[in-house]
Amino acid sequence: MTGVKGLNALVTGGGRGIGAAIAAALSRAGAHVTVLGRSEASLAARVAAGDASAYFIADISDRAAFAGVMRRIVADRGIDILVNNAGAALSASFLKTDMAQFQFMLDINLMGPVIAAQEVLPGMIDRGFGRIVNIASTASLKGYSYVSAYVAAKHALLGVTRSMALETARTGVTVNAVCPGFTDTDLVSASIETIVARTGRTAEQARAELAKSNPMGRLVSPVEVADAVCWLAGRETGAVTGTALPVAGGEQ
Ligand SMILES: NC(=O)c1ccc[n+]([C@@H]2O[C@H](COP(=O)([O-])OP(=O)(O)OC[C@H]3O[C@@H](n4cnc5c(N)ncnc54)[C@H](OP(=O)(O)O)[C@@H]3O)[C@@H](O)[C@H]2O)c1
């Protein structure tokens with residue numbers, strides 16, 4: 001078999017935004033997709049739409065509870081493809097970002113993916129095949145103002161991706177990061193609302209400001225990120241590991 005056909009995939013944060021597009025793309029390509037998140041309504045909607053075959057509810061920032069749910073998923077079905085997509089961004093100046101906010105960004109954007117990977121990896125190694133795709137960010141590759149805690153957590157996620165890739169290089173498991181630029185989802189809508197509230201700009205001006213960082217002058221679409229994930233998740237990309245693949249219109 002080729003591509004992702006017949007493989008079991010888990011997409012965290014698969015209920016909406018980039019995760020929903022990834023779940024849909026993997027399902028269309030023939031994978032059996034499980035989605036996970038906090039909002040039952042959006043997860044159930046993905047199953048109803050045929051973009052996933054099952055869902056689990058978990059808050060990935062609650063380490064013990066999330067690890068417990070991951071153990072249930074792994075016991076229920078071997079996971080061949082883990083897409084660590086669930087994430088969140090807080091914006092504030094560095095001096096106004098308190099320790100709890102730094103910890104929150106690390107819990108969601110770093111420890112969540114680490115917990116999920118630690119639960120799925122032993123089974124992947126036993127079966128001699130696995131694909132872990134971490135949804136990192138261009139914020140894993142460069143700094144941005146007013147999101148230092150998010151940038152720190154996303155840099156750390158790329159670091160752990162690279163180390164895991166080296167440790168698993170002879171096992172049939174690959175570990176990669178996809179690094180989207182500003183992508184048209186709720187996360188960017190929230191950033192636009194923050195810019196409007198803090199600067200008095202209109203939503204259109206704020207959106208144009210974000211789009212300007214992409215040399216193509218537009219936001220990335222979730223489907224474009226999903227296509228990159230599908231490629232990395234497929235059987236044919238066994239030699240691709242430890243990479244950070246930007247989907248960002250050429251943003252450096
Ligand atoms: N949009 C961008 O511009 C952009 C750019 C680069 C990277 N990214 C990354 O791409 C990923 C997806 O972002 P998005 O833009 O699609 O964001 P989004 O539209 O805000 O969706 C976030 C997803 O993560 C889930 N999630 C958030 N906190 C969670 C928690 N504590 N426990 C479990 N699930 C949680 C949400 O599900 P529930 O609400 O059901 O919990 C939702 O499905 C994130 O890792 C983000 O950092 C986004």
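One-based numbering along the sequence shown.
- Between the Asn109 side chain and the Met105 main chain, a donor and an acceptor come within less than 3.5 Å of each other.
- Under the rule for a ring-ring contact (aromatic ring centres under 6.0 Å, His included), the partners of Tyr144 that lie at least two apart in sequence or sit in another chain are Phe182.
- Counting only distance, with no hydrogens or angles, the side chain of Ser163 and the backbone of Val160 share no donor-acceptor pair below 3.5 Å.
- Ser191 places a side-chain N or O within donor-acceptor distance of the main-chain N or O of Leu187, the cut-off being under 3.5 Å.
- At distances below 3.5 Å, not a single donor-acceptor pair connects side-chain atoms of Thr183 with backbone N or O atoms of Ser221.
- Side-chain atoms of Asn176 and Thr243 include a donor-acceptor pair closer than 3.5 Å.
- When each of His155, Gln252, Glu251 is paired with Lys142, the side-chain hydrogen bond (donor to acceptor under 3.5 Å, both in side chains) condition holds for Glu251 and for no other.
- Looking at heavy atoms from C-beta onward, Leu245 lies out of side-chain contact with Val240 at the 4.5 angstrom threshold.
- For residues 117-138, the salt bridge (charged side-chain N to carboxylate O under 4.0 Å, His left out) pairs, not counting sequence neighbours, are Arg71-Glu119, Asp80-Arg127.
- Annotation for Leu141: hydrophobic cluster partners, listed by chain and number, are Leu158 (ILVMFWY side-chain heavy atoms under 4.5 Å, direct or chained).
- Put simply, the side chain of Leu10 does not reach to within 4.5 Å of the side chain of Arg77, judged on heavy atoms.
- Crowding of Phe102 atom CZ: a count of heavy atoms from other residues, nucleotides or ligands under 6.0 Å exceeding 12.
- With hydrogens and angles ignored, the 3.5 Å screen pairs a side-chain donor or acceptor of Thr237 with a backbone N or O of Leu232.
- Listed for the Thr12 side chain is a donor-acceptor partner under 3.5 Å among the backbone atoms of Ala86.
- A donor-acceptor contact shorter than 3.5 Å is absent between the side chain of Arg201 and the backbone of Val196.
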Open item on the list: Under the criterion side chain to side chain contact (heavy atoms under 4.5 Å, CB included), I'd like the reasoning laid out for Thr2 against Glu236: C-alpha separation, chi angles, the key distance, then a yes or no.
Closed with: CA-CA 7 Å; Thr2 56; Glu236 293 78 3; 3.0 Å; yes
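- Under the 4.5 Å side-chain heavy-atom criterion for Ile, Leu, Val, Met, Phe, Trp and Tyr, Ile22 and Trp231 are members of the same hydrophobic cluster.
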